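Taking it in order: structure first as structure tokens, then the write-up.
Quick note: numbers below take in every heavy atom, side chains included, and nothing from hydrogens, waters or symmetry partners. Because the structure is a prediction, the values reported are computed rather than measured.
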Amino acid sequence: MVQAYILIQTEVGKAANVAREISGIPGVTQAEDVTGPYDVIVRAQARNVDELGKLVVAQIQAVEGITRTLTCPIVHI
């Protein structure tokens with residue numbers, strides 16, 4: 001299982017709607033609107049890195065109002 005945080009920038013005023021819509025996507029375990037340089041932080045999981053990439057590109061980035069994403073895979077050191 002691969003887990004990651006996805007940091008999302010949105011159009012002005014769209015953060016709450018983006019977080020709400022993303023929270024319903026399978027594989028997303030948490031989506032919160034936040035303050036700072038990013039507007040939404042998502043925690044997601046997938047079976048492998050390829051599936052994580054598909055989740056981000058095909059489903060999360062397709063949500064209206066998103067301008068940029070940064071995917072940060074979780075590592076256990």
Side-chain angles (χ1 to χ4, degrees):
M1 183 71 63
V2 176
Q3 296 181 329
Y5 288 100
I6 301 143
L7 311 177
I8 299 172
Q9 292 178 336
T10 69
E11 296 172 5
V12 174
K14 301 283 185 166
N17 290 338
V18 167
R20 188 171 23 261
E21 188 169 341
I22 288 174
S23 67
I25 295 173
V28 171
T29 58
Q30 192 171 13
E32 301 284 346
D33 45 322
V34 296
T35 61
Y38 294 94
D39 303 306
V40 177
I41 297 179
V42 173
R43 185 165 177 153
Q45 62 184 20
R47 287 188 295 179
N48 55 50
V49 173
D50 289 336
E51 286 191 14
L52 178 65
K54 290 176 187 175
L55 171 67
V56 173
V57 173
Q59 296 183 52
I60 292 175
Q61 289 181 349
V63 173
E64 187 176 338
I66 292 177
T67 58
R68 181 172 295 182
T69 64
L70 175 65
T71 303
C72 304
I74 296 171
V75 296
H76 300 283
I77 299 174

Could you pull out every donor-acceptor pair under 3.5 Å between side chains of residues 44-62 and any protein atom, sequence neighbours left out?
{"unit_1": "Gln45", "atom_1": "OE1", "unit_2": "Gln3", "atom_2": "NE2", "d": "3.3"}
{"unit_1": "Arg47", "atom_1": "NE", "unit_2": "Glu51", "atom_2": "OE1", "d": "3.3"}
{"unit_1": "Arg47", "atom_1": "NE", "unit_2": "Glu51", "atom_2": "OE2", "d": "3.1"}
{"unit_1": "Arg47", "atom_1": "NH2", "unit_2": "Glu51", "atom_2": "OE2", "d": "2.6"}
{"unit_1": "Asn48", "atom_1": "OD1", "unit_2": "Asp50", "atom_2": "N", "d": "3.1"}
{"unit_1": "Asn48", "atom_1": "OD1", "unit_2": "Glu51", "atom_2": "N", "d": "2.8"}
{"unit_1": "Gln61", "atom_1": "NE2", "unit_2": "Thr69", "atom_2": "OG1", "d": "2.8"}

Could you grab the distance from atom [atom1] of [X] to atom [atom2] of [Y], nearest 0.5 Å is fine?
| X | Y | atom1 | atom2 | result |
| --- | --- | --- | --- | --- |
| Cys72 | Leu7 | SG | CG | 4.5 Å |
| Glu64 | Glu21 | CD | CD | 8.0 Å |
| Ile41 | Tyr5 | CD1 | OH | 9.0 Å |
| Ile8 | Ile22 | CD1 | CD1 | 3.5 Å |

Note, Tyr38 side chain near Thr10 side chain (heavy atom, < 4.5 Å): no

Side chain to side chain, Thr67 and Glu11, heavy atoms closer than 4.5 Å: yes

Minimum-distance pair of heavy atoms, taken over all atoms of Gln9 and Pro37: NE2-O, 3.1 Å

Nearest non-hydrogen partners of Ala31 and Ala19, listed with the distance: CB-O, 3.6 Å

Atom CZ of Arg68: over 12 foreign heavy atoms under 6.0 Å: no

Ile74-Val34 co-clustered via ILVMFWY side chain contacts under 4.5 Å: yes

Asp33 side-chain N/O to Asp39 backbone N/O, donor-acceptor pair under 3.5 Å: no

